[in-house]
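No hydrogens, no waters, no symmetry mates; every other heavy atom, side chains included, goes into these values.
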Amino acid sequence: MILALARPDPKKNITTLVKAFGECRPLRELANLTLIMGNRDNIDEMSGTSATVLLSILKLIDKYDLYGQVAYPKHHKQYEVPDIYGLATKTKGVFINPAFIEPFGLTLIEAAAYGLPIVATKNGGPVDIHKVLDNGVLVDPHDQQSIADALLNLVSDKQLWARCRQNGLKNIHQFSWPEHCKTYLSRIAMCKPRQPQWQRSDLGFENSEHNSPGDSLRDIQDLSLNLKLSLDGEKSEGTGTLDSYLDSIDTKRNLENAKKATLMEKQDQIVGGGRNLEMRMRKYIFVIAVDCDSISDIPKIVKTVMDVAGNESSVGFILSTSLSISEVHSLLISGGISPLDFDAFICNSGGELYYPSTSSEGRPFIVDSDYQSHIEYRWGGEGLRKTLVRWATSVNDKNGEIVLEDESRSTVHFYAFNVKDPELVPPIKELRKLIRIQALRCNVIYCHNGTRLNVIPVLASRAQALRYLYVRWGMELSNVIIFVGECGDTDYEALLGGVRKTVIVKGIGNSALKLHSNRSYPLQHVLPTDSPNILQAEGCSTDEIRSSLRKLGVIKE
């Protein structure tokens, strides 16, 4: 029996399978074809595409006179599927998935579990499945002859059939749930250096070694989940390879712990000259993330927030903005504000993170290079930039010079574009959809009332930069107070909610409302205004902001 189990969808390519079977007489003499194509009562009641595929199959059966050689039952129960696989195996048959492209191919896993060799498309997930199982043949779904040849070889060559069956049963355990858990946790352990787990135990913080991926791996071993299936279905215990892996993790940890004091001292010397040690000890951190209608309004808001805090050394400040660090520096100097009054600067919509510096070399800021390494993950780089340039060209071809790349502001992990007319560019959700279709991962943000477009890595954003500071410096999120406008850039929502506290300054950023006008829901529906951690300040005066902080319990009566 040649078995195919798929819905009657053009993408499943069942018609090519029927043609291959119908035109290969040797194959027809050795096997019958069974097509399990879902359940139906009446073809006329099926969807248009499904009905078209089914009618095409019926016409092909009639054309090649395949009556008695092709089965296409109208109904089957879910509990009958294992018996169908078992019958195909008993008749020394083959399972085939001839889809033009298959994202994964669960039916291939199911067939292999019943000892059924497979013929599958070489496009998509079956490639990875076959690499593990090695229990069949991959074919070009467009090549009818190669499909027929692969099926004929498997049903005619008994030794090949037996070898594919044996390989499938021997390797199928690698797709079991316990094996998946073990592999997943092992990958997490290998990726651990990418997560910035700086040693914090010397300062009284919780030891990060508890509940680690290694501990979870030990749990799997203790529960005897690392079992393998033998050819006759019996279970046997693993060979201890996990033990050796865990031992290597423990050895690595010991080496890391031996370097703990030196590493912490080095980090404090390199990044921020020890000022970041103060960030860990702050009672409160005020994050100024107000997206103003005019850039010149930012110094005024910064001064107001600082005046509310007074001279309290227990309060730290972080400026979070879509501006570049050079723009931030010029803005602060023009407003008579010292960069040293801040603990950190989140710039370019979260694409870069800086600390103030008092180094003798005259550099006012030091970039956090570890943050740059962290957000490097899946960054599209030059390929992403070219895609964005092509998109900008297509917009300009329709409307003139509307979107222009700003190379002067762009950096390695940040691409900047200027938008002359925000009304003529697509909404942010459409642009994000375009990027996803191109299989690229990034955050795209309209800012400055839509006159700028910032593109940063998927792990970078103003909100995620705060999470990074929490992980690296032990900054307590519940003691973070974020100041935002009534509206803002298209990453505005991510700054609201959670355990941190938020002060929404009314009357600020209203011009950015047009950036959110394409939503299918009102913006207020996604703002948790009833949360005790979110309060609205009626204005941007010192008294109004102080009143909001008093209600949040930050300032005592």
Side-chain angles (χ1 to χ4, degrees), residues 101 103 123-124 187 191 193-196 291 320-327 345-354 367-422 424-468 488-495 515 518:
I101 186 169
N123 299 327
R187 295 288 179 86
C191 291
R194 208 175 50 78
Q195 178 73 4
D291 302 320
S320 179
T321 176
S322 60
L323 299 174
S324 66
I325 189 63
S326 59
E327 291 174 314
F345 297 91
I346 300 171
C347 299
N348 291 336
S349 299
E352 292 176 335
L353 180 60
Y354 293 88
V367 66
D368 190 330
S369 57
D370 292 306
Y371 180 70
Q372 300 297 313
S373 300
H374 173 63
I375 65 176
E376 177 71 30
Y377 177 69
R378 289 196 174 183
W379 173 234
E382 184 63 19
L384 172 62
R385 191 193 71 82
K386 290 179 179 178
T387 299
L388 292 166
V389 170
R390 286 196 299 270
W391 166 78
T393 302
S394 67
V395 173
N396 294 336
D397 289 342
K398 296 177 182 178
N399 305 297
E401 296 294 321
I402 301 299
V403 183
L404 299 174
E405 183 180 11
D406 190 346
E407 296 183 7
S408 63
R409 288 195 302 118
S410 298
T411 64
V412 176
H413 296 98
F414 169 72
Y415 296 138
F417 291 81
N418 293 324
V419 181
K420 289 188 177 180
D421 191 345
L424 297 179
V425 294
I428 193 64
K429 67 177 183 181
E430 295 298 329
L431 183 52
R432 288 170 178 167
K433 179 180 178 181
L434 170 66
I435 296 298
R436 288 197 303 270
I437 290 175
Q438 297 294 326
L440 296 168
R441 293 175 57 119
C442 63
N443 281 330
V444 288
I445 301 158
Y446 282 134
C447 49
H448 295 271
N449 298 328
T451 60
R452 288 186 180 183
L453 174 67
N454 291 347
V455 183
I456 54 179
V458 68
L459 288 185
S461 71
R462 291 191 289 177
Q464 292 186 99
L466 290 175
R467 296 290 301 181
Y468 171 89
D489 301 343
T490 52
D491 64 341
Y492 164 75
E493 285 180 17
L495 294 170
L515 299 179
N518 63 302

When you look at N396 and V403, which way does the side-chain contact (heavy atoms from CB on, under 4.5 Å) test go after all the steps? CA-CA 7 Å; N396 294 336; V403 183; 4.1 Å; yes
[atom1]-[atom2] distance between [X] and [Y], expressed to the nearest 0.5 angstrom:
X: R467; Y: S461; atom1: CZ; atom2: OG; result: 11.0 Å
X: L384; Y: L440; atom1: CG; atom2: CG; result: 5.5 Å
X: I346; Y: L323; atom1: CD1; atom2: CG; result: 13.0 Å

Using a strict cut-off of less than 4.0 Å between a Lys/Arg side-chain nitrogen and an Asp/Glu carboxylate oxygen, indicate whether R409 and E352 qualify as a salt bridge. no
Stepwise side-chain contact (heavy atoms from CB on, under 4.5 Å) test for L388 and V455: CA-CA 9 Å; L388 292 166; V455 183; 3.7 Å; yes
Ignoring hydrogens and geometry, is there a side-chain-to-backbone donor-acceptor pair from E430 to P427 under 3.5 Å? no
Would you find a donor on one side and an acceptor on the other, under 3.5 Å apart, between the side chain of D291 and the backbone of H448? no
Which atom names give the shortest non-hydrogen contact between [X] and [Y], and what distance separates them?
X: I402; Y: D421; result: CG2-O, 3.8 Å
X: A463; Y: A494; result: CB-O, 3.6 Å
X: T387; Y: Q438; result: CG2-CG, 3.9 Å
X: P422; Y: G450; result: CG-O, 3.5 Å
X: A460; Y: G351; result: CB-CA, 4.4 Å
X: Y415; Y: G381; result: OH-O, 2.9 Å

side-chain contact (heavy atoms from CB on, under 4.5 Å) between C442 and V458, worked out: CA-CA 4 Å; C442 63; V458 68; 5.6 Å; no
Test log, rule side chain to side chain donor-acceptor pair (under 3.5 Å), inputs R390 and T393: CA-CA 5 Å; R390 286 196 299 270; T393 302; over 6 Å; no
One pair to check against side chain to side chain donor-acceptor pair (under 3.5 Å): Y468 and D368. What are the steps and the verdict? CA-CA 11 Å; Y468 171 89; D368 190 330; 3.1 Å; yes
Sole residue of L453, T321, N443, N454 in side chain to side chain contact (heavy atoms under 4.5 Å, CB included) with S349: N454
In sequence, state the C-alpha distance, the side-chain angles, and the governing distance for R441 and E376, and then conclude on salt bridge (charged side-chain N to carboxylate O under 4.0 Å, His left out). CA-CA 11 Å; R441 293 175 57 119; E376 177 71 30; over 6 Å; no
Ring centroids only, cut at 6.0 angstrom: are W379 and F414 within range, meaning strictly under it? no
Run the numbers on Y446 and D489 for side-chain contact (heavy atoms from CB on, under 4.5 Å), then give the verdict. CA-CA 6 Å; Y446 282 134; D489 301 343; over 6 Å; no
What I want to check is whether the side chains of D406 and S408 have a donor and an acceptor closer together than 3.5 Å. yes
S410 and E407: side-chain donor and acceptor closer than 3.5 Å? no
Are I428 and V444 packed together at the side-chain level, in the sense that at least one heavy-atom pair is separated by less than 4.5 angstrom? yes
Would you mind reporting whether L434 and W391 have side-chain heavy atoms less than 4.5 Å apart? yes
